[in-house]
Amino acid sequence: MYAVVSRIPPGRVMTYGEVALALGMPRAARVVGGALHLLGSESDVPWHRVVNRHGMISTRCPEHSMWEQAARLRAEGVVVDDTLTLDLARYRWAPDRGVLADLQLAPEVLHAVDTLLARAEPADDARADQPRRAGNVPRSRGPASRRRL
DNA sequence: ACTATGACGCTTC
DNA sequence: CGAAGCGCCATAG
């Protein structure tokens with residue numbers, strides 16, 4: 001998780017969900033937030049480059065306050081408005097294949113990421129018609145699904 | 001083993 | 001567009 005976040009270039013952002021996706025865990029977005037919460041204030045991990053799906057800063061942690069996050073982002077040239085929101089279309093970043101290969105992910109996880117990213121593409125006309133269950137991404141049957149140990 | 005709790009996200013209304 | 005409802009999943013009690 002920290003390896004992925006650490007690859008986000010200055011001035012760019014990822015959402016919690018995207019970070020989870022990059023790890024082959026499409027439904028663990030909350031955990032990403034929890035993990036970032038555990039970081040100390042002098043960590044090298046650029047925690048401020050992760051926002052929610054609206055492009056809005058959503059931290060409540062006093063250690064890493066919303067204002068602190070906004071300040072760090074602005075220092076990197078990101079425009080953050082007064083509602084602590086930024087333009088995701090403009091600043092969103094995603095690791096390319098080369099970066100993914102360099103993350104020291106377990107081969108199984110890497111494969112899971114591949115299938116997830118491939119599945120994410122044709123979302124245009126393959127979607128809908130079927131009543132989608134509210135709540136989250138449908139559970140996958142692929143290698144990405146979690147099994148109890 | 002069980003329950004409550006989020007720096008989340010999707011669908012519905 | 002905003003709020004409500006619910007699902008998810010690792011952690012903390």
Side-chain angles (χ1 to χ4, degrees), chain A residues 1-76 78-95 103-106 108-149:
Chain A
M1 212 286 291
Y2 297 139
V4 171
V5 174
S6 297
R7 292 301 203 290
I8 306 175
R12 307 297 298 280
V13 301
M14 283 181 77
T15 69
Y16 297 98
E18 287 165 352
V19 173
L21 190 66
L23 293 171
M25 304 172 65
R27 291 169 299 285
R30 305 189 75 141
V31 182
V32 173
L36 291 181
H37 176 70
L38 297 177
L39 292 172
S41 45
E42 50 232 50
S43 169
D44 292 332
V45 178
W47 55 270
H48 57 283
R49 305 211 263 255
V50 185
V51 296
N52 69 17
R53 90 187 136 115
H54 299 301
M56 182 167 58
I57 291 171
S58 57
T59 173
R60 266 166 275 169
C61 172
E63 230 355 93
H64 319 90
S65 74
M66 50 208 322
W67 309 110
E68 168 74 8
Q69 183 168 2
R72 289 198 186 202
L73 286 172
R74 285 171 178 145
E76 297 178 350
V78 176
V79 176
V80 183
D81 69 21
D82 50 0
T83 66
L84 296 180
T85 303
L86 55 83
D87 184 1
L88 264 187
R90 187 171 164 192
Y91 301 109
R92 190 199 306 270
W93 178 85
L103 286 178
Q104 298 186 1
L105 298 174
E108 181 178 336
V109 174
L110 191 56
H111 180 262
V113 173
D114 266 355
T115 57
L116 284 170
L117 293 183
R119 187 169 317 200
E121 281 307 323
D124 296 325
D125 55 29
R127 57 59 174 139
D129 300 346
Q130 301 300 329
R132 265 177 296 176
R133 177 172 47 92
N136 212 333
V137 178
R139 198 187 314 274
S140 167
R141 278 249 152 255
S145 60
R146 302 285 294 175
R147 278 180 287 275
R148 276 227 174 266
L149 299 179

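Residue numbers start from 1 in every chain, and the chains themselves are labelled A, B, ... in the order their sequence lines are given, proteins ahead of strands.
Take Asp114(A) and apply the salt bridge (Lys or Arg N to Asp or Glu O under 4.0 Å) test, not counting sequence neighbours, and it matches Arg97(A). Residues passing the salt bridge (Lys or Arg N to Asp or Glu O under 4.0 Å) test with Arg7(A) are Asp102(A), sequence neighbours excluded. Residues passing the salt bridge (Lys or Arg N to Asp or Glu O under 4.0 Å) test with Arg92(A) are Glu18(A), sequence neighbours excluded. Not a single salt bridge (Lys or Arg N to Asp or Glu O under 4.0 Å) links Arg12(A) to another residue, sequence neighbours left out. A search for side-chain hydrogen bond (donor to acceptor under 3.5 Å, both in side chains) contacts involving Arg30(A) returns nothing, not counting sequence neighbours.
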Check nucleotides 7-10 of chain B against the protein and report each pair of N or O atoms closer than 3.5 Å, with its distance, or say if there are none.
from: dA7(B); atom 1: O4'; to: Ser58(A); atom 2: O; distance (Å): 3.0
from: dA7(B); atom 1: N6; to: Leu36(A); atom 2: O; distance (Å): 3.3
from: dA7(B); atom 1: N6; to: His64(A); atom 2: ND1; distance (Å): 2.9
from: dA7(B); atom 1: N3; to: Tyr16(A); atom 2: OH; distance (Å): 2.7
from: dC8(B); atom 1: OP1; to: Ser58(A); atom 2: OG; distance (Å): 3.0
from: dC8(B); atom 1: N3; to: Arg30(A); atom 2: NH1; distance (Å): 3.3
from: dC8(B); atom 1: N4; to: Arg30(A); atom 2: NH1; distance (Å): 2.6
from: dG9(B); atom 1: OP1; to: Gly17(A); atom 2: N; distance (Å): 2.8
from: dG9(B); atom 1: OP2; to: Arg53(A); atom 2: N; distance (Å): 2.7
from: dG9(B); atom 1: N2; to: Gly135(A); atom 2: O; distance (Å): 2.1
from: dG9(B); atom 1: N3; to: Gly135(A); atom 2: O; distance (Å): 3.1
from: dC10(B); atom 1: O2; to: Gly135(A); atom 2: N; distance (Å): 3.3

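In this structure, the CG atom of Leu21(A) is 14 Å from the C1' atom of dC8(C), given to the nearest Å.
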